[in-house]
2 protein chains.
Amino acid sequence: MKATDMTALAKTDDWIDRFDGLSRLEPALRNVLTTRSHVVRLPADSVIFGPGKSPDNLLLLLQGTVRVQQLAESGREVVLYRVTAGESCVLTTACMLAYEDHAAEGIAETEIVAAAIPRGVFDELVASSKEFRNFVFRAYSRRITDLFHVIEDIAFRRMDIRLAQKIIERADTGVLKATHAQLAAELGTAREVISRQLAEFQRRGWIAQSRGVIEIRDCDGLRGLAET
Amino acid sequence: MKATDMTALAKTDDWIDRFDGLSRLEPALRNVLTTRSHVVRLPADSVIFGPGKSPDNLLLLLQGTVRVQQLAESGREVVLYRVTAGESCVLTTACMLAYEDHAAEGIAETEIVAAAIPRGVFDELVASSKEFRNFVFRAYSRRITDLFHVIEDIAFRRMDIRLAQKIIERADTGVLKATHAQLAAELGTAREVISRQLAEFQRRGWIAQSRGVIEIRDCDGLRGLAET
DNA sequence: CGCGATCAGTGACCTAGTCACACAAGCCCC
DNA sequence: GGGGCTTGTGTGACTAGGTCACTGATCGCG
């Protein structure tokens, strides 16, 4: 489905059903959602929020993915989680709406289409609908679980294992388009570390590499490591 | 103020004012809170929640502190944040209420006194009060900010700096009672690393050590490192 | 006093992150 | 199609941090 189709779809209330938990909203509230939220389209690489730029809408992603990452002064970064179509950005929104400027930012990885719920409407829905509250708290819960997982990974897991997992996770058709530097930012490490690990994976025949591209040659080999 | 006093206090609605944002609750809602929540006292080292043990009350801490930490299979751990008197445990509660069992647990560091708000009352208050909603979302925000900070620390900061900060932060009167193993768990590292760093701090005359006790001798020295 | 439990110190070794490079591949633009 | 630029990758030497297998020190307690 193309973005233009989504824009049309958003005029009806059908898109609500893409969001786990919102499908059971009472008709009146569906109406509130659809009439008082608007659809936005943003090009790839847009900064959705970031230091000094907090959103005042709750975004429900209809299409595309948003990457949320943490930046350090040193220039290093680490990806915290991704928001995909059918998910909401509650955490960061509510987080922003109240507190200090922190060093996390959300970036559109692809062109995105989203329903933007103004803060007032959000508040109204939270007040009037148990379903919506469940939706919101469930979304929070999911993100926080993700964060816990990230912390566990960074603090306790070996780089080679994390890298193997990441390659498997992000290589659609056995091919992953990413530079070593991008993978390093993804995992919160240095580029050289990735280069060395990938060289080892290649030596073992698990992958083949060329500039900006990693091709999986032996998925079982990778998986064997990843599941250690 | 002793715990017994707090128990008495909790019978009036005064304790509400200890919680940032709840002080502006309308009288009717204050009443809901005080009549339908009960005060609990738990001894030090109680497990408030953990794998396989999710709370069904929202706790508002009146006295004591709760440590929330992440456990790894390897046995290593890391402290995520602490909940202190006048704060709530929203994050973990709401987190638990919805999703999978994860590897975080909350432990009473001291004897604690808390107001326990049943899930139903929580839901009712979120629905009926803008103040309460703000309170909840602000609490979330704070915790998430803490988590972001933890991630930044673990991923990008040097151990010696983190250790120096932790010592300053947790040494009340210039003295910190903690074993090397406890500090290691606090920072998510290994005991040996802490031992070596502390030996170095001692060599520089910043601290003095004895079994289970660290005494600050030159706070400026420590601070100089911590603020690097 | 003697004994077990807990706490701290140490050396050898491995993994990860840093620094300073060299080199290679694509890209543009005459 | 040969310069020059930018971006991506490879490498060696070094430091920081984590693991393992110990030893010795200290404490509590019967």
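Throughout, a chain's letter reflects where its sequence line sits, starting with A, and its residues are numbered from 1.
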Open item on the list: What I want to check is whether an N or O donor and acceptor connect the side chain of A:R211 with the base of C:dA25 at under 3.5 Å.
Closed with: yes

Open item on the list: Quick check: on DNA chain D, is the nucleotide nearest A:A178 upstream (toward 5') of the one nearest A:F156, or the reverse? Name the residue that is more 5'.
Closed with: A:A178

- [ ] Quick one: label A:Q197 by what it contacts on the DNA or RNA (base, sugar-phosphate, nothing), any heavy atom closer than 4.0 Å.
- [x] sugar-phosphate

Task: Length of the NZ-P vector between A:K177 and C:dG26, whole Å - done: 13 Å

- [ ] Measure from CG on B:L183 to P on D:dG17 and round the result to the nearest Å.
- [x] 15 Å

Open item on the list: Less than 4.0 angstrom from a charged side-chain N to a carboxylate O is my criterion; do A:R204 and A:E200 meet it?
Closed with: yes

- [ ] Looking at every strand, decide which applies to A:R196 at a 4.0 Å heavy-atom threshold: base, sugar-phosphate, or nothing.
- [x] base

Open item on the list: Can you tell whether the side chains of A:R67 and A:D45 come within less than 4.0 Å, N to carboxylate O?
Closed with: no

Task: Atom pair CD/CG of B:Q70 and B:L80 - distance to nearest 0.5 Å - done: 5.5 Å

Task: Distance below 4.0 Å between B:S195 side-chain N/O and C:dA8 OP1 or OP2 - done: no

TODO: For A:R76, report the nucleic acid contact type (base, sugar-phosphate, nothing); a contact means any heavy atom under 4.0 Å.
DONE: sugar-phosphate

Open item on the list: I'd like to know if A:R18 pairs up with A:E87 as an ion pair, taking the criterion as any Lys NZ or Arg NE/NH1/NH2 lying under 4.0 Å from an Asp or Glu carboxylate oxygen.
Closed with: no

Open item on the list: Strictly below 4.0 Å, N to O, side chains only: are A:D20 and A:R142 in salt-bridge contact?
Closed with: yes

Open item on the list: For A:H180 and B:G188, find the nucleotide of DNA chain D closest to each by heavy atoms; which residue's nucleotide sits nearer the 5' end?
Closed with: A:H180

Open item on the list: What is the distance, to the nearest angstrom, from the CD1 atom on B:I194 to the C1' atom on C:dT6?
Closed with: 18 Å

- [ ] Quickly work out the B:R191 CZ to D:dC20 C1' distance and round it to whole Å.
- [x] 11 Å

TODO: Nearest whole angstrom, please: distance from the P of D:dG18 to the CZ of B:R158.
DONE: 12 Å

Open item on the list: If I take atom CD in residue A:Q209 and atom C1' in nucleotide C:dA25, what distance separates them, rounded to the nearest angstrom?
Closed with: 14 Å

- [ ] Looking only at side-chain atoms of B:T179, point me to the closest of D:dG17, C:dT18, C:dA8.
- [x] C:dA8

Task: Below 4.0 Å: OP1/OP2 of D:dG18 and any side-chain N or O of B:T189 - done: yes

TODO: Mind calculating the distance between CD (A:E192) and C1' (C:dA22) to the nearest angstrom?
DONE: 13 Å

Task: Value in whole Å for how far the P atom of C:dG17 lies from CD1 of B:I154 - done: 13 Å

